[in-house]
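Report on the structure given below.
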Amino acid sequence: MAGVSRRQFLVVAGAGAAGLTASACTGPSTPRPVGPSSAAVGQAEARRRRPGAATRAVALVAGPATLDLAGTRVTTWAYNQTVPGPTVRLRAGEVLRAELSNRLPEPTTIHWHGVALRNDMDGVPDMTQPPVPPGGRFTYQFTAPDAGTFFFHPHVGLQLDRGLYAALLVDDPAEPGAYDREAVVVLDDWTDGIGPSPEQLQAQLARQGGMMGGGMGPGTSRALGGTGGQLDYPAYLLNGRPPTDPPTIRAKPGQRLRLRVINAAAETAFRLALGGHRLTVTHTDGTPVRPVTVDALVLGMGERYDALVDLGDGAAPLAAVAEGKRGQALAVVRTGAGPTPAADAWPAELDRRLLDLADLQADPSVALPSRPVDRRHRVVLSGGMMDARWTINGRTADDAVPLTVRQGERVRLLFANQSMMFHPMHLHGHSFQVRGASGTGNGPRKDTVIVRPMEQLAVDLATDNPGQWMLHCHNLYHQQAGMMTTLSYVT
Ligand code: C2O
Ligand code: CU
């Protein structure tokens with residue numbers, strides 16, 4: 001489908017396969033895209049469904065909401081009037097039925113980030129569904145096949161940089177659950193109501209163009225290999241609260257706490273540490289890894305990490321500092337008496353042993369079986385130099401050339417970052433296995449991976465989920481400035 005834009009795709013797909021083969025300009029060997037509601041998508045869904053699996057119903061209303069930021073009331077957009085929105089939880093193999101009502105003044109959709117779901121429920125406007133108009137409704141219904149920490153958010157415009165996001169937790173009925181308590185930690189960079197609007201930020205970036213793209217952002221980060229970003233936000237939130245009014249996670253001394261950390265920010269990576277404690281990383285992007293114990297970890301936008309902590313006695317700062325920027329988010333983990341940590345608490349662990357992607361190996365239960373690669377796609381990331389555009393293989397989303405694959409293949413994506421900024425690259429509908437620069441690594445299964453400036457990184461995936469899937473940078477402003485393409489199943 002080279003040359004077919006996203007907007008044209010629904011029209012083409014809607015014409016049906018027969019219409020395509022019959023058309024004069026497509027020869028017998030021309031690959032045909034597998035449409036979001038094709039038979040293959042239904043068959044893949046049928047394979048996921050477990051007999052007798054329950055259906056979990058949830059009503060989600062996207063609309064205006066008020067948020068109290070340590071006494072400053074701001075107006076924003078949120079799900080069910082809370083930031084983050086309500087946590088949605090089900091078991092692996094169950095069906096989620098989510099009724100979305102759109103009370104926003106603009107069209108919206110919901111994307112279920114990280115879930116290997118059926119293509120027509122993926123929430124990409126003009127590609128997998130028509131956007132839901134103001135006042136409209138849409139029912140998302142799909143099997144959630146894999147356990148893990150996920151989240152959901154709109155896939156329209158700059159809506160993610162408001163309060164429209166929430167955790168999606170899928171439990172494994174067979175997981176041992178070797179912990180006493182659990183805390184979901186959702187991180188965000190916040191400007192709505194206290195700084196420029198997301199639209200103003202986007203306009204500012206367009207004016208600055210390449211000037212700010214070349215490593216001249218607010219600060220630099222060794223972990224990110226350059227600038228932390230182009231925007232300093234007036235606040236950073238943890239579970240919707242600023243560090244001057246931090247949420248408290250309560251537990252008892254000696255208990256084991258499972259943290260499920262989600263970076264829902266638009267333009268900010270976070271470095272996370274818990275004062276006086278080490279973190280044993282057990283999962284990334286929902287999938288298990290061989291456990292690694294570190295002092296701190298960095299999450300790019302769209303990434304999730306789960307970690308276990310053996311708790312001491314007292315009140316410890318869980319600090320999430322905006323990596324390469326100024327400011328931080330905070331929670332208090334309280335197991336006993338002690339003063340509440342200051343809003344700018346900087347635990348020493350932040351500067352100790354930092355998790356590196358190369359530390360992580362997939363748990364054997366999720367490692368891809370070894371098999372030769374059938375197809376390779378180079379994914380060159382560039383932009384930010386001469387203008388404010390960000391591109392994949394030299395093109396912006398509007399005229400992207402889809403990366404074609406066929407069902408049943410082993411596909412390697414070779415990310416090559418030729419820009420001076422990091423890009424958390426996210427693939428819809430799949431989790432890939434990180435193979436590192438060498439292409440031989442046994443890294444973690446992930447759906448979002450940071451590619452540092454001038455870095456090359458190979459990831460492999462099994463093409464087992466037919467349809468049309470976005471591949472994009474999860475920096476919302478890069479995505480909006482063009483850094484998005486399609487992994488397109490064809491027959
Ligand atoms: Cu969370 Cu296409 O993104
Ligand atoms: Cu990017």
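Source: prediction; values computed, not measured. The chain is numbered in sequence order, starting from 1. Both ligands and their constituent atoms are indexed starting at 1 by order of listing.
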Note to self: Distance check below 2.8 Å: does His426 bring an N, O or S atom to atom 1 (Cu) of ligand 1?
What the structure shows: no

Next item on the list: Kindly give the atom name of the N, O or S atom of His113 closest to atom 1 (Cu) of ligand 1.
Entry: ND1

Note to self: Please report the interatomic distance OH(Tyr489) to CD(Gln468), rounded to the nearest 0.5 Å.
What the structure shows: 10.0 Å

Notebook entry, point to check: Using 30° and 60° as the class limits, which term best fits the ring planes of Phe151 and His153: parallel, tilted or perpendicular?
Noted result: tilted

Next item on the list: Output yes if His472 passes the N/O/S-under-2.8 Å test against atom 2 (Cu) of ligand 1; output no otherwise.
Entry: yes

Next item on the list: Considering just N/O/S atoms, say which atom of His155 is closest to atom 2 (Cu) of ligand 1.
Entry: NE2

Next item on the list: Examine His428 and say whether one of its N/O/S atoms is closer to atom 1 (Cu) of ligand 1 than 2.8 Å.
Entry: no

Next item on the list: Could you confirm whether His478 has any N/O/S atom lying under 2.8 Å from the Cu ion (ligand 2)?
Entry: yes

Note to self: How large, to 10°, is the angle at the Cu ion (ligand 2) when you draw lines to ND1 on His423 and to SG on Cys473?
What the structure shows: 130°

Notebook entry, point to check: Looking only at side chains, do Ser365 and Asp363 share a donor and an acceptor under 3.5 Å apart?
Noted result: yes

Next item on the list: Rounded to the nearest 0.5 Å, what's the gap from OG on Ser221 to NZ on Lys325? Could you check?
Entry: 11.5 Å

Next item on the list: Measure the shortest side-chain to side-chain distance between Thr66 and Val74 over non-hydrogen atoms and say whether it is less than 4.5 angstrom.
Entry: no

Next item on the list: For the pair Arg445 and Asp285, find out whether any cationic side-chain nitrogen is under 4.0 Å from an anionic carboxylate oxygen.
Entry: no

